[in-house]
Structure formats: C-alpha cells, structure tokens
2 protein chains.
Amino acid sequence: MSASASQLDATFAALADPTRRALLARLEHKDNQSVSTLAQPFAMSLPAVMKHLDILDDAGLIRRAKVGRTVTCTLVAKPMEDAMAWLARYERFWTQQFDRLAAYLDSEQDRPAAKRRRKKPAKPNRT
Amino acid sequence: MSASASQLDATFAALADPTRRALLARLEHKDNQSVSTLAQPFAMSLPAVMKHLDILDDAGLIRRAKVGRTVTCTLVAKPMEDAMAWLARYERFWTQQFDRLAAYLDSEQDRPAAKRRRKKPAKPNRT
DNA sequence: TCAACACTTAACTATATGGTTAAGTTTTGA
DNA sequence: TCAAAACTTAACCATATAGTTAAGTGTTGA
C-alpha cells in the first residue's frame, strides 16, 4: 500500500505551504467546513485560498462536495499516512545519530558509520 | 522541540521532489558519499544535482564537508523527525477513518470480521 | 423577481523550481 | 608542471507557485 512517487510529490508539495497546513489543521479541528468559513481567518483573497484548496484537492488531502451554493471540505488523511510511512524509514537514522556522535567522540577513527561499535544506551528499538 | 513554520516549509518542499527523495534514500543506505558519487545514477547534469543538494542543505536535511577537492554529504534526519511530528497530529484522524470503514463493514455483515480493525495505533511514544 | 451570497474563472504579475550548457576554481597525481 | 578530477558559478529557459483584481455562474431567500 505504498504511494506512488508522484502521489508523494503532490502530498509533500501540498504540505510545504503554511496556509495549506493551517487549512488542514482547521479541518482537523473541525471537519466539513465551507470554503468561505475556511478562508475567513486568512489575510488573503478568496481566490487565493481557492487555489490552495485546489492544490489540497489535487493531492487528495481534501474532498469537496457541493450542496446548493456552498462547498464543504472534508479531510482525507490517507496521503499523509503514506508520507509518514515514507519518512518512517529514517526514524532509525535519527535515533541512531546520538549513537554515532557518541561513537565518533569516543574513538577518533571515523569509519563510514552505519555500524556502532559501542554499547547502546539500551533504547528499545520499536518499529 | 517543534520546528518553526518556515523550517517545515523548507523540509516539506525539499521532500516534494523524487530526485531529492532518492538522494536522501541513497544517503540512508550509505552515508558520507561524495557529490559525484551521489549524482552518478541520475539522468541529469551535475549542476542539476547540485541544485537539489543545495535545497537539501538549505532545508538542513544534509550537511556537506569539503576534504581536498571532494565534498561528502551526510544525512541529517532531524528535520524529517519534525515533519513526522507534524503529520502525527493526523494519525488519529486516519485511524478514525479506518474505524469508520470498519464500523461500516461490521454493519454490512453482522460479523466482527473486519481484517484491518485497529482500534489504536498503540505506539508507545518513548521520550 | 432579483439582489445578495458563495463560490469560480480569467487575466495578470512576480518569484521560485528544475533543468540546460559553458566557463570558472581548486586539488591532486603522474 | 600541468592536465584531469571534482566541484562551482553564471547565464539562460520553461514551467509552476502564490498572490492580485475583476468579472462571471449558480442558488437562495425576502
């Protein structure tokens, strides 16, 4: 169930803007809000917010449904889960960086890392 | 220990390109590689790869060190951890969506036969 | 009916990305 | 010493973002 590369592209690109992250955060706090309600707190024009919603929609992070003249947006978190799954690969790496620093400080010989030759501080390595 | 908004901007933007994700993946597989070694498998010019490395560097995802005429790149996973922390807020949301699906499937057929029924992520957040 | 509401589209501007080729710079080794 | 290796910088191009204002499309309710 891994996401395609272009799907990850769209997801990360969508998340790279503070306005869009704020929009998602608003939906996370309260789902099913109209476009104008979502746009209200932002210091920019409605068309500008619309473009952000378009990008979120294209990335599959929200879904829009029109009822009468109002359009309500709902959060679709699945692509974020895929993004998180991609990032999870590096979890072992950042937890090990403490160890690597310790190993480096301990022995002046800097081998190409990746393998600690020192005792671990007994950190349970969960997935 | 949360990242600033502009730091998240840079991190997500850096991750939004498949070439850059591949560069990070190469470093994850083997750290401390030179620029030309990293660039070698990509079907683009060296300056193009350089620009990607600049963006990764600006986002703090890699660090470069010059020794003689070669520049070696090392992975810095910390900003990814911050990005993951931001995404984690939505974890409850997508698990809710699974639950909603599971509830729907349960109501469809009167059995608790939903395969992916996960009630909680149950990930003990070690500190 | 018809004006106000809730978007939507269009046209435009400025800047950033993602790539190119060509021409530097600094180090190294024969 | 001097050419080649390993980057780096510069100049350019096409496209995408991120915003603007202005005008257009449906829908609703008084």
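- The side chain of S34(A) places an N or O atom within less than 4.0 Å of a non-bridging phosphate oxygen (OP1 or OP2) of dC7(C).
- Checking dG19(D), dA10(D), dC7(D) against every side-chain atom of A48(A), the shortest atom distance belongs to dG19(D).
- OP1 or OP2 of dG18(C) sits under 4.0 Å from a side-chain N or O of R20(B).
- Between S36(A) and dC7(C) there is a side-chain N or O to OP1 or OP2 distance below 4.0 Å.
- In this structure, CG of L15(A) is placed 14 Å from P of dT17(D), rounded to the nearest angstrom.
- Distance, H52(B) NE2 to dG18(C) C1': 6 Å, rounded to whole Å.
- Nucleic acid contact class of S45(B) (heavy atoms, under 4.0 Å, all strands): base.
- When rounded to the nearest whole Å, the span between CZ of F42(B) and C1' of dT20(C) equals 18 Å.
- Rounded to an integer number of Å, the gap from F12(A) CZ to dA16(D) C1' is 20 Å.
- When each of A43(A) and A13(A) is assigned the nucleotide of DNA chain D bearing its nearest heavy atom, the one mapping closer to the 5' terminus is A13(A).
- The nucleotide whose nearest atom lies closest to any side-chain atom of K51(B) is, among dT20(C), dA6(C), dT21(D), dT20(C).
- Remark: the Q7(A) side chain and the T11(A) side chain contain an N/O donor-acceptor pair separated by less than 3.5 Å.
- The V71(B) side chain lies nearest to dT8(D) when the options are dT8(D), dG18(C), dT21(D).
- If you check dT8(C), dT8(D), dT20(C) against the side chain of M50(A), the one that comes closest is dT8(C).
- Side-chain proximity of L46(B) to the nucleotides dG19(D), dC7(D), dC7(C) is greatest for dC7(D).
- dT9(C) atom C1' lies 12 Å from atom NZ of K66(A), rounded to whole Å.
- With dA22(C), dC7(C), dT21(D) as the candidates, the nucleotide lying closest to the side chain of P47(B) is dA22(C).
- Annotation: the span from E28(A) atom CD to R89(B) atom CZ amounts to 5.0 Å, rounded to 0.5 Å.
- Whole-Å rounding puts the D17(A) CG to dA16(D) P distance at 18 Å.
- Side-chain contact between M50(B) and S45(B): absent, with no pair of heavy atoms (C-beta onward) separated by less than 4.5 Å.
- If you check distances only, the side chain of R69(B) never reaches the base of dC7(D) with a donor-acceptor pair under 3.5 Å.
- A 4.5 Å side-chain heavy-atom check between K66(A) and T70(A) finds every atom pair outside the cut-off.
- Atom C1' of nucleotide dA18(D) and atom CG of L53(A) are separated by 14 Å, given to the nearest angstrom.
- Rounded to an integer number of Å, the gap from CE of M44(A) to P of dT17(D) is 16 Å.
- The CG atom of D54(B) sits 4.5 Å away from the CZ atom of R64(B) when rounded to the nearest 0.5 Å.
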